[in-house]
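Numbers for residues simply follow the sequence, beginning at 1. Worth saying up front: this structure is predicted, and the values here are computed from it rather than measured.
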Amino acid sequence: MTSPPSAICPVCGTPAAGNFCAGCGASLARRACAHCQAEVSPQARFCHHCGQPVEGRASDRNVWLVAVTVCVLLVAGIVYKVTSGSSGPGAPDMANVGSSAGATATGGPTGPAPDISAMTPRERFDRLYNRIMQASERSDSGEVDRFTPMALGAYQQLESRDADARYHAAVLQMQVGNFPAARALADTIVKESPGHLFAYVIRGTAAQFQKDPAALAQARKDFLAHYDAEMRLKRVEYLDHQPVMGEFKREAEKAVRR
């Protein structure tokens, strides 16, 4: 029997198969121009044949309308963990592995992207997530666009997914405007861990973006209803995201007082 032909990754040029490159994580899905039906590369923004914008990916403006708001609420946890844990002996698994690797004194990565092909799927996912969050802080839309599909591809390859991994995947999904996927991740979190606060943070954030006051109010109500019991559990992921949890709680309590 002959093996199926392999595609060539448009990003790193290595043979690849499936929906994502095993070497760099780039998307291998075929795309076609909606105007002239010409086949375009997975990374293309404009059709090489007719010059029209290629549909199927969010524009930089829409991505950053989402990304800026996401970062206000969610990136604080990354900053907190990196700054508070920089002098410690090491970070726990849920605390954004590799966030300081290859960084300058100001926190921005230098040099080429890390070789993620030799990492475990979880290490790959955490490393890519950290790089995207750092790029978001620098308003580097090109790097966010480049690495988000890779990070989501690495997430799909995880053999097991805890609440922290699902939460980070939801952040990435919301950053590119895929709110149904983010809400589905929230549903999975609360199904596996009833009352888990991450589910309500995701639902509330998605509701804010989509201007759904009823869903936002419900998410805040559920968050406050479960907050005390959940915090008594001392889940490590809550400790790793204290600024995020505190900010969401303050906004929920403020809304209740109004």
Side-chain angles (χ1 to χ4, degrees), residues 3-4 6-7 9 11-12 14-29 42 70 74-75 77-78 81-82 85 89-102 109 113-135 144 146-176 178-203 206 230 233-241 244:
S3 59
S6 296
C9 175
V11 175
C12 66
T14 60
N19 293 326
F20 296 92
C21 174
C24 69
S27 174
L28 301 174
V70 168
L74 303 174
V75 177
I78 307 301
K81 189 59 189 180
V82 172
D93 287 344
M94 293 185 182
N96 308 304
V97 177
S99 60
S100 60
D115 179 10
I116 62 175
S117 60
M119 297 179 184
T120 66
R122 183 57 190 258
E123 290 172 338
R124 186 181 307 168
F125 175 63
D126 288 337
R127 180 66 64 85
L128 290 168
Y129 177 83
N130 291 336
R131 192 175 182 110
I132 292 164
M133 292 299 100
Q134 291 172 353
V144 170
R146 178 184 177 192
F147 286 103
T148 295
M150 297 184 193
L152 292 174
Y155 172 79
Q156 293 299 326
Q157 295 173 4
L158 296 180
E159 294 182 0
S160 62
R161 299 161 188 167
D162 54 31
D164 191 67
R166 296 184 194 281
Y167 173 77
H168 288 172
V171 173
L172 296 174
Q173 294 287 9
M174 287 190 287
Q175 188 156 273
V176 296
N178 193 350
F179 300 110
R183 287 194 299 271
L185 286 162
D187 293 344
T188 302
I189 290 173
V190 81
K191 180 178 180 180
E192 294 184 350
S193 300
H196 200 294
L197 300 178
F198 279 0
Y200 310 124
V201 173
I202 295 168
R203 289 173 178 173
E230 282 292 304
L233 298 177
K234 299 186 182 299
R235 298 185 191 271
V236 64
E237 59 265 38
Y238 293 163
L239 299 178
D240 290 340
H241 295 82
V244 175

Taking all non-hydrogen atoms of both residues, which atom of Arg203 and which atom of Asp187 are closest, and how far apart? NH2-OD1, 2.9 Å

In terms of relative ring orientation, are Tyr167 and His241 parallel, tilted or perpendicular, with 30° and 60° separating the classes? perpendicular

Is there side-chain contact between Gln175 and Met133, with at least one heavy-atom pair below 4.5 Å? yes

Assess the pair Tyr238 and His196: is the distance between their ring centroids shorter than 6.0 Å? yes

When every non-hydrogen atom of Ala135 is compared with those of Val144, the smallest separation belongs to CB-CG2, 3.8 Å

For the backbone of Ala151 and the side chain of Arg127, can you confirm whether one donor and one acceptor N or O come within less than 3.5 Å of each other? no

Asn130 CG to Phe147 CZ distance, which is reported to the nearest 0.5 Å: 12.5 Å

Closest heavy-atom pair, Ala199 versus Val190, reported as atoms and distance to 0.1 Å, is CB-CB, 3.8 Å

Looking at Leu185 and Gln173, what are the two nearest heavy atoms and their distance? CD1-CG, 4.3 Å

Please test Leu128 against Tyr155 for side chain to side chain contact (heavy atoms under 4.5 Å, CB included), starting from the C-alpha separation and ending with a verdict. CA-CA 10 Å; Leu128 290 168; Tyr155 172 79; over 6 Å; no

Taking Asp126 first and then Arg122, would you say they form a salt bridge - that is, a charged N and a carboxylate O separated by under 4.0 Å? yes

Determine the minimum heavy-atom distance between Leu172 and Leu152, stating which atoms define it. CB-CD2, 3.9 Å

Can you measure from CG (Leu197) to CD1 (Ile202) and round to the nearest 0.5 angstrom? 11.0 Å

Which heavy-atom pair separates Pro194 from Glu230 by the least distance, and what is that distance? O-OE2, 3.8 Å

Are any of the side-chain heavy atoms of Phe125 and His168 separated by less than 4.5 Å? yes

